There are 2 protein chains.
Amino acid sequence: MNDADFLASYDPHAYPPVAVTVDIVAFTIRNGALNVLLVRRACPPSEGMWALPGGFVGQWEDLPTAAARELAEETGVATAHRRLHLEQLGTYGTPDRDPRMRVFSVAYVAFAPDLPDPVSGSDAREAAWVPMDERPAELAFDHSTIVADGLERARSKLEYTPLATKFVGEEFTIAELRAVYETVWGESLHAGNFHRKVLSVPGFVESTNTTTERGGARGGPRAKLYRAGDARLLHPALLMPSREETVR
Amino acid sequence: MNDADFLASYDPHAYPPVAVTVDIVAFTIRNGALNVLLVRRACPPSEGMWALPGGFVGQWEDLPTAAARELAEETGVATAHRRLHLEQLGTYGTPDRDPRMRVFSVAYVAFAPDLPDPVSGSDAREAAWVPMDERPAELAFDHSTIVADGLERARSKLEYTPLATKFVGEEFTIAELRAVYETVWGESLHAGNFHRKVLSVPGFVESTNTTTERGGARGGPRAKLYRAGDARLLHPALLMPSREETVR
DNA sequence: GGAATAGTGTCTGTTAGACACTATCTC
DNA sequence: GAGATAGTGTCTAACAGACACTATTCC
């Protein structure tokens, strides 16, 4: 039998129904804290519980496209937002994770600089940026696990990629970059050493030859401004100070 | 409406049919070369083409379970093979990647020490270990992309995890471990420096206080034997010599 | 004996991290 | 002026990589 004959006789409905969704763990930094985007579910199952934004993948839709669309619907951020980074996190498919049917969720992580307050989505769900350490202990489905995995991804990607530049504006100071690391890692870093280290990694940042308009709010000189460089990997990497303890 | 009422009225068949498969990129080292497990498709679509082992996820089956089952069916390796490492690689869902219907494939990577020749699977497909540099230029579906992604995963995981110990037997010499790195990275490493480095990473290997029965085939003293240690991350990491060139 | 290999010693340049210090700015 | 911050200098311990060397074993 050739492919054409085979396809003509193939009946997709003969198999038990499954569904594929995308869920997005969107991170941003607000008021010096790492925030995650959550929505309150407006319909069953788990009506009223907080959950990750997400939804079913359209029939002709690519996975990254679906993730960008769902995120845009929740945040009002244009799909082609310039400084948005979106990457696949993993797929969650435990048989009983959704009571409706067998649902596989392809999770994405998104990183963005301080975004506006989310608009209520088209399906009228309440949406909000929630500081990570104030997030509900229990989220719908297995979303707590997905958020934890997304955080771990963010923490480790800061080490060996220029991901931190996605959390700040087009132009930024080294101190702002350091604040990103300190916020996501939850540790304070030595300002002087961090400064020298960042500048020593080829392609991490490049100078704009400009400075901030004013010094720090509580004093200090004007800081030089940088923009993201062309490196895709940091070499040498910036390792978390607490890495050694998590090795075993 | 509460969850119970909602679920009673929910019809999964109302949505367009999609399917979820698992595909496995299984790596092993044979005759000093990195091999990948491929099967020749026995039925349409792409009948006769080489492809990754894999198949549809059972209705009550977990994703890792499905991956282990598919791999076992192709290789004859017991599902609970002691020294097999299996991890999720990513999900591939381009709308037209399978002509039958919308198919999402959750890819897994498997690493194992020299495995026996695969037995033909229950569905009578021909299966074989194929050296990576002799693999067909074109595989069925988007499997060439998946293999490339799997290789990249293997290469980078060698750097910062004890993955290499999954490619060797229960007890191994430092030279065997070095051969794994050289094979996967495709670069020769300095024997003396590698030796000292491996022993200096806490928890990477632990001594068995025994040596090989004989020296090397072409001379040399008996080598000490080691087994895998309890480290989950290598600190400091073993970086690929060519890392710097791939940074941009 | 000759050749190959296991494992160690030593040296150099680079890096991480600690500490100190100066210059600049806000209040 | 007081206090905070940006950015640099310097020192030490650790590390990567190059090279050399010894000891052991196979052929």
Side-chain angles (χ1 to χ4, degrees), chain A residues 32 158-160 168 171-182 185 187-202 204-205 207-226 233-245 247, chain B residues 32 158-160 168 171-182 185 187-202 204-205 207-226 233-245 247:
Chain A
L158 281 190
E159 291 190 292
Y160 55 92
V168 293
E171 300 195 339
F172 51 87
T173 66
I174 302 294
E176 285 167 356
L177 202 61
R178 177 164 47 84
V180 172
Y181 277 88
E182 292 179 330
W185 284 352
E187 310 188 51
S188 62
L189 302 173
H190 186 289
N193 289 340
F194 180 86
H195 194 108
R196 187 161 2 121
K197 174 90 191 215
V198 166
L199 296 185
S200 78
V201 176
F204 191 4
V205 299
S207 174
T208 64
N209 296 312
T210 57
T211 67
T212 51
E213 290 292 318
R214 296 174 38 90
R218 283 167 292 183
R222 299 175 183 180
K224 292 180 187 165
L225 284 167
Y226 297 84
L233 291 175
L234 304 185
H235 186 84
L238 281 84
L239 297 177
M240 287 180 60
S242 61
R243 247 319 168 217
E244 295 187 47
E245 296 136 39
V247 160
Chain B
L158 281 191
E159 291 189 292
Y160 56 94
V168 292
E171 300 195 339
F172 51 87
T173 66
I174 301 295
E176 286 168 355
L177 202 61
R178 176 163 49 85
V180 171
Y181 277 89
E182 292 179 332
W185 284 351
E187 311 187 50
S188 62
L189 302 173
H190 187 288
N193 288 341
F194 181 86
H195 194 107
R196 187 158 4 116
K197 174 89 190 214
V198 166
L199 295 186
S200 78
V201 177
F204 191 4
V205 299
S207 174
T208 65
N209 296 313
T210 57
T211 67
T212 52
E213 289 293 317
R214 294 175 39 90
R218 282 167 294 184
R222 300 176 182 179
K224 291 180 187 164
L225 285 168
Y226 297 84
L233 291 174
L234 303 185
H235 187 82
L238 280 84
L239 297 178
M240 288 180 59
S242 62
R243 248 316 170 217
E244 295 188 46
E245 297 136 38
V247 161

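Keep in mind it's a predicted model, so treat the numbers as computed, not measured.
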Contacts of type side-chain hydrogen bond (donor to acceptor under 3.5 Å, both in side chains), residue A:Thr212, not counting sequence neighbours: none
Rounded distance in Å - CG (A:Leu239) to P (D:dA14): 17 Å
Partner residues of B:Ala191 under the side chain to side chain contact (heavy atoms under 4.5 Å, CB included) criterion, sequence neighbours left out: B:Arg178
Whole-Å gap separating P (D:dC15) and CG (B:Leu238): 12 Å
Residue closer to the 5' end of DNA chain D, B:Ala237 versus B:Arg214 (nearest nucleotide): B:Ala237
side-chain N/O A:Arg218 vs D:dT5 OP1/OP2, d < 4.0 Å: yes
A:Glu171: salt bridge (charged side-chain N to carboxylate O under 4.0 Å, His left out) partners, not counting sequence neighbours: none
Within the 6.0 Å centroid threshold, strictly below: A:Tyr181 and A:Phe194: yes
Interatomic distance, B:His235 NE2 vs D:dC15 C1' [rounded to whole Å]: 11 Å
A:Thr210: partners by side-chain hydrogen bond (donor to acceptor under 3.5 Å, both in side chains), with sequence neighbours left out: A:Thr208
For A:Arg196, side-chain hydrogen bond (donor to acceptor under 3.5 Å, both in side chains) partners two or more places apart: A:Asn193
Which protein N or O atoms sit under 3.5 Å from an N or O of nucleotides 6-8 of chain D?
from, atom 1, to, atom 2, distance (Å)
D:dG7, OP1, A:Lys224, N, 2.7

